[in-house]
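Working notes for the structure below.
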Amino acid sequence: MIELIRHLELSTGVEPKGSIVWMHGLGADCWDFVPIVKELAMPEDLPLRFIFPQAPSRPISINRGQIMPGWYDISIAELERKADEAGIRESQTAIDALIEHEITRGIAPHNIVLAGFSQGGAIALQCGLRSKHRLGGIMALSTYLTLADSLGAEKSVANSNIAILMAHGTQDPVVPLSLARTSKATLASHGFHVEWHEYPMQHAVCGEEIKMIAAWLEKRFQSPIILAR
């Protein structure tokens, strides 16, 4: 049995109807997005389990080798190039284990959503697009697509129609908007439909975006199409 990665859990009610595995960004920790649960203000009749994994600490080359929480190493400023494939796949394995754990707890795969910000969003895409289980959706915030060259061979038939939400700041100095748009185009070239939103912000999450996320999540979990799978 694979030991689960360290994580926090927060349920909005008893007997959750679904689970959201939400990955933080580079240098942050599993507490980073905990406050957003209250801000989302999900309906009382839609209890959900939020799972916030903690990325392992590792040297990050672009930050002069400083050790910090990261889902993978970044070696140069051009984020999409020379990806740390070993680190990405290691993190993918860890998140896949969390998905399997949720299934054993009685959560159907189609009621599991992967979410993440920046590096965490890259891992959400990496896992969700390749998962053998038909998941409920992928939420990728202020992020980009990694290991795009292998997506054609590795993309999951089960998730060929998965709901993908991408949102990005037009003034993001960390992950350029152009890179996110390119990632969206790459996903489209592989047949994926992406719901796309841009906001006048930097590398962050804004209030208008949180309202949009809440509506998207509610739709994912309350849609008759999803619940009937």
Side-chain angles (χ1 to χ4, degrees), residues 10 12 18 20-43 46 48 50-53 55 62-63 69-72 74 77-81 95 112-129 135-146 148 162-190 192-223 226:
L10 177 60
T12 61
I20 302 167
V21 182
W22 198 317
M23 281 75 77
H24 62 75
L26 177 65
D29 60 27
C30 57
W31 291 94
D32 199 33
F33 280 92
V34 170
I36 207 170
V37 175
K38 184 176 182 180
E39 294 182 59
L40 289 172
M42 301 302 292
L46 181 59
L48 297 173
F50 288 81
I51 300 169
F52 300 99
I62 200 172
N63 290 337
W71 297 105
Y72 52 90
I74 297 177
E78 288 122 347
L79 299 177
E80 78 278 22
R81 300 181 184 176
I95 301 307
I112 298 174
V113 168
L114 299 183
F117 177 82
S118 196
Q119 256 203 355
I123 296 301
L125 287 169
Q126 173 72 17
C127 297
L129 298 174
L135 303 177
I138 303 171
M139 184 168 65
L141 310 177
S142 301
T143 192
Y144 56 97
L145 184 66
T146 61
I162 191 169
I164 302 174
L165 172 68
M166 293 188 73
H168 213 92
T170 56
Q171 303 155 23
D172 192 329
V174 178
V175 178
L177 179 61
S178 59
L179 176 55
R181 287 174 172 171
T182 297
S183 297
K184 174 182 178 292
T186 300
L187 290 169
S189 72
H190 283 280
F192 295 105
H193 173 73
V194 178
E195 181 178 331
W196 175 264
H197 297 267
E198 294 180 11
Y199 297 94
M201 62 180 183
Q202 297 189 4
H203 197 58
V205 176
C206 65
E208 184 180 355
E209 183 181 9
I210 291 174
K211 292 180 181 178
M212 179 273 297
I213 290 170
W216 186 83
L217 286 174
E218 186 172 349
K219 182 179 180 181
R220 297 278 67 73
F221 290 109
Q222 292 190 336
S223 167
I226 288 181

Atom NE2 of H190: over 12 foreign heavy atoms under 6.0 Å: yes

E208 atom CD: more than 12 heavy-atom contacts under 6.0 Å: no

With side chains defined as the heavy atoms from C-beta onward, is the minimum distance between [X] and [Y] less than 4.5 Å?
X    : Y    : value
Y199 : V205 : no
T170 : L177 : yes
L165 : L217 : no
I164 : L125 : yes
L129 : L145 : yes
W71  : T146 : no
I213 : L141 : yes
F52  : H24  : no

Does [X] reach the main-chain N or O of [Y] with its side chain, forming a donor-acceptor pair under 3.5 Å?
X    : Y    : value
H168 : V175 : yes
T143 : A122 : yes
S142 : H203 : no
Q119 : Y72  : yes
S183 : Y144 : no

Test side chain to side chain contact (heavy atoms under 4.5 Å, CB included) applied to L135 and V113, step by step: CA-CA 6 Å; L135 303 177; V113 168; over 6 Å; no

Stepwise side-chain hydrogen bond (donor to acceptor under 3.5 Å, both in side chains) test for H197 and E195: CA-CA 7 Å; H197 297 267; E195 181 178 331; 2.8 Å; yes

Nearest heavy-atom pair of [X] and [Y]: which atoms, and what distance?
X    : Y    : value
A124 : G116 : CB-N, 4.2 Å
V21  : P53  : CG1-CG, 3.8 Å
A140 : G121 : CB-O, 4.2 Å

Residues I20, F221; criterion side chain to side chain contact (heavy atoms under 4.5 Å, CB included); working and verdict: CA-CA 10 Å; I20 302 167; F221 290 109; 3.9 Å; yes

Derivation of the side chain to side chain contact (heavy atoms under 4.5 Å, CB included) call for N63 and L26: CA-CA 11 Å; N63 290 337; L26 177 65; 4.2 Å; yes

Verdict with supporting geometry, W22 and D32, side chain to side chain contact (heavy atoms under 4.5 Å, CB included): CA-CA 10 Å; W22 198 317; D32 199 33; over 6 Å; no

